[in-house]
Amino acid sequence: MSVKIERHALTAASPALANTHPILSSIYHARGIESVEELQYELKGLLPYHRLYDIEKAATIIADAIMQQERILIVGDFDADGATSTALAIRALRQFGAHEACYLVPNRFEYGYGLTPEIVEVARHMQPQLLITVDNGISSLAGVKAAKEAGIKVVVTDHHLAADELPNADAIVNPNQPACEFESKAACGCAVIFYVMTAVRTELRQRGWFAQRAEPNMAQFLDLLALASVADVVPLDKNNRILVDQGLKRIRAGKAISGINALLKIAGKSRANLVASDLGFAIGPRLNAAGRLDDMATGIECLLTDNDALADQYAEELNTLNEERKNIERGMQQQAMTWLQSQSLAQFDQQAGHQHLPWGLCLHDADWHQGVIGILASRIKDKLHRPVIAFANAELSDDNEHKQEQEIKGSARSIPGLHIRDALDLIAKRRPDILTKFGGHAMAAGLSIKLKDYATFQAEFDQVCHELMTEDQLDQVIVSDGELRADDFNLNLAGMIKYAGPWGQQFPEPIFDGEFLIINQKIVGSNHLKLTLGIIGTQQVIDAIAFNIDLDEWTDDNCQKIHCAYQLDINEFRGMQSVQLMIRHLIKK
């Protein structure tokens, strides 16, 4: 893999941004922002819910269930978006007066993803009259059918891409279903259920339901929405930026729920200085760890409790699970990289001098942990910059007679240029006998196949990647916002950029690039490179750090100059602030 740094020129932006700092103005211009209005994140700018297909029908069904005191069951998902969606739904329903509202989250190791007939069988024992899916359900044809046959009404709320056939639910609210005209197709599952509950509140208000009880303020859920949007890595279009910005402001103001405050505390993050990336790198993984290794109920309970002490206990449990997850992941990643370097998966071409890997890479190990393969696929994808699917056995078995009938579950991660769900859909159309089930987004997906079909699937996936991609898309491109001048390395600009977001997927945090002299360098921790850099042409020096470097590629060989892509950051140490470069890629000169 080669890495290219390409620049956005720091040029003049729209006259409408004339009162903005010129560097910030250029950054916005590079992200398609041409007016101040696009940067205004007041709640009144949120898209109205009315254009979500079926939302009025869903609101009517749910409002009826609340007023008739029916038992309502939320069926969630086992990731951060699913946990926040479940917590938001339960909190809203209980405040609306649905005292019988409860939830059920499938254990990924026993039941897999989504509303399956097996989960419906479990749900039947809870005797719900209404079942609401959150962050799943759009592909649950058999599960919805089973629930309906059991006499349970079903409302599906989801954001995943729809297949050719939709489930026969009483209502389906999903901006990505064919009939939906809602403008934000990037809404996460938590945002969808937020809109549904907003519509339910309107329906109940029109019925006079709140004449004798307090009407909930939906703004109280913005902290959950911010966490979900960032942790689920959905594109930050204007609507999602409003949700994230307003949620961050609520958290910074001390209005977050106990669980989010507890997770921030155990992660060592300052509530007052919180930015979007903290939600993605500090809270999201700890919440996800419950669903990856154990039971997401721990994460959901952390987000449901209003008892600070209890929230701290849940956060401790989640932190311990996350440390365990990291240890498992490290071992799996080491195995995968050793495997990749072996002759079985990579042939070394002596003349070309590089390794020939498949364009679409599949990895499988019988001992890999099913809950961690998604992270493994993401790490390998980042390292090799090509689509990766990591597989683990659905269940461990020593029965050699039935070994080839073993189901294996895959977690796929993609790169720009390949819509991973579309790639899987193409394979499914060509070889319907191979893919048991699949679903997902452009950049991430899940699937199941039989172990006996692994080699065939491997070849099919690589073939589809060759068809849908070009070779230059296998080169990683880091897009830089240009080169900063010596006097731009100051706390004022660093702070301005840090809080000018919210930054995230498809609205990336600014990256700059330039050449620097190496004044000093050392390895800290296990594989982090700490540098003191000199700004060429001046006497000015600046601290920099590069996390998780490849120690085999970086050796102290008296390199005196580097070209690096970096983010302008603020380092806080013992109450003092200083500018620091967070290096994203470096090249020896």
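Residue indices begin at 1 and follow the sequence shown.
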Contacts table for residues 501-510: side-chain donor-acceptor under 3.5 angstrom, sequence neighbours left out:
from: Trp503; atom 1: NE1; to: Ile497; atom 2: O; distance (Å): 2.8

Any side-chain to backbone donor/acceptor pair from Ser378 onto Gly374? Under 3.5 Å, distance only.
no
Can you see whether Glu100 engages Gln129 through a side-chain donor-acceptor pair at a distance of less than 3.5 angstrom?
no
Scanning both residues in full, the closest heavy-atom pair of Met332 with His369 reads SD-N, 3.7 Å
Should Ile389 and Leu361 count as side-chain neighbours, where that means a heavy-atom distance under 4.5 Å?
no
Using modelled atom types and a 3.5 Å cut-off, is there a donor and acceptor pairing between side-chain atoms of Ser411 and backbone atoms of Gly446?
no
Can Asp453 and Lys450 be counted as an ion pair, charged N to O under 4.0 angstrom?
no
Between Gln69 and Gly97, is there a donor-acceptor pair closer than 3.5 Å when you use the side chain of the first and the backbone of the second?
yes
Does the side chain of Leu279 reach to within under 4.5 Å of the side chain of Ile251, using non-hydrogen atoms?
yes
The salt bridge (charged side-chain N to carboxylate O under 4.0 Å, His left out) partners of Lys185 (sequence neighbours excluded) come to none
Determine the sole option in Arg241, Lys238, Gln246 for which the side-chain hydrogen bond (donor to acceptor under 3.5 Å, both in side chains) test with Tyr41 is passed.
Arg241
For residues Ala290 and Leu318, report the shortest heavy-atom separation together with the two atoms involved.
CB-CD2, 3.5 Å
Ignoring hydrogens and geometry, is there a side-chain-to-backbone donor-acceptor pair from Arg292 to Gly371 under 3.5 Å?
yes
Please check this pair: side chain of Asn288 against backbone of Ala80, looking for a donor-acceptor N/O pair closer than 3.5 Å.
yes
Are Leu131 and Leu115 packed together at the side-chain level, in the sense that at least one heavy-atom pair is separated by less than 4.5 angstrom?
yes
How close do Cys465 and Pro387 get, heavy atom to heavy atom, and via which atoms?
SG-CG, 4.1 Å
Heavy-atom closest pair, residues Asp135 and Gly189:
OD1-CA, 4.0 Å
Rounded to the nearest 0.5 angstrom, the CE-CG distance for Met296 and Leu287 is 4.5 Å
Side chain of Asp81, backbone of Ala231: donor and acceptor closer than 3.5 Å?
no
Please confirm whether the backbone N or O of Val134 pairs with a side-chain atom of Asn136, one donor and one acceptor, at under 3.5 Å?
yes
Here the pair of heavy atoms bringing Arg413 nearest to Ala444 is NH1-CB, 3.8 Å
Residue pairs passing the ring-ring contact (aromatic ring centres under 6.0 Å, His included) test where at least one lies in residues 412-445, sequence neighbours excluded:
His159-His441, His160-His441
Check whether Asp295 reaches the backbone of Ala297 with its side chain - one donor and one acceptor, N or O, closer than 3.5 Å.
yes
In Å, rounded to the nearest 0.5 Å, how long is the span from CG of Asp425 to CG of Asp164?
6.5 Å
For Glu181, all residues meeting salt bridge (charged side-chain N to carboxylate O under 4.0 Å, His left out), sequence neighbours excluded:
Arg51
How long is the gap from CZ on Phe391 to OG on Ser448, to the nearest 0.5 Å?
8.5 Å
Beyond-backbone contact of Asn393 with His364, side-chain heavy atoms, under 4.5 angstrom
yes
Of all pairs that satisfy ring-ring contact (aromatic ring centres under 6.0 Å, His included), the ones with a partner from residues 171-206, not counting sequence neighbours
Phe182-Tyr195
Hey, what do you get for CG (Leu357) to NE2 (His385), rounding to the nearest 0.5 Å?
13.5 Å
Check: Ile138 and Asn176 side chains under 4.5 Å, non-hydrogen atoms
no
For a 4.5 angstrom cut-off between non-hydrogen side-chain atoms, does Lys437 reach Ser139?
no
I'd like to check the salt bridge (charged side-chain N to carboxylate O under 4.0 Å, His left out) partners of Lys4; sequence neighbours left out, ordered by chain and number.
Asp475
Mind checking what makes salt bridge (charged side-chain N to carboxylate O under 4.0 Å, His left out) contact with Glu149, not counting sequence neighbours?
none
Got a sec, which residues hit ring pair (Phe, Tyr, Trp, His ring centres under 6.0 Å) with His466, two or more places apart in sequence or on another chain?
Trp359
The side-chain contact (heavy atoms from CB on, under 4.5 Å) partners of Arg584 (sequence neighbours excluded) come to Ile511, Gln567, Met582
With sequence neighbours left out, the residues meeting side chain to side chain donor-acceptor pair (under 3.5 Å) with Arg201 are none
Donor-acceptor pair, side chain of Asp237 and main chain of Ser184, under 3.5 angstrom
no
Using the side-chain contact (heavy atoms from CB on, under 4.5 Å) criterion, which residues pair with Pro285? Sequence neighbours excluded.
Asn322, Arg325
If every non-hydrogen atom of Cys180 is compared with every non-hydrogen atom of Asn174, which pair is closest and at what distance?
CB-O, 3.6 Å
Residues two or more places apart in sequence or in another chain: which of them pass side-chain contact (heavy atoms from CB on, under 4.5 Å) with Glu467?
Leu426, Arg430, Gln463
Test item: Asp223 side-chain N/O and Arg250 main-chain N/O as donor-acceptor pair under 3.5 Å
no
Got Ile72 and Ile66 here, is their nearest side-chain heavy-atom distance under 4.5 Å?
yes
Is any side-chain heavy atom of Leu222 closer than 4.5 Å to one of Leu243?
yes
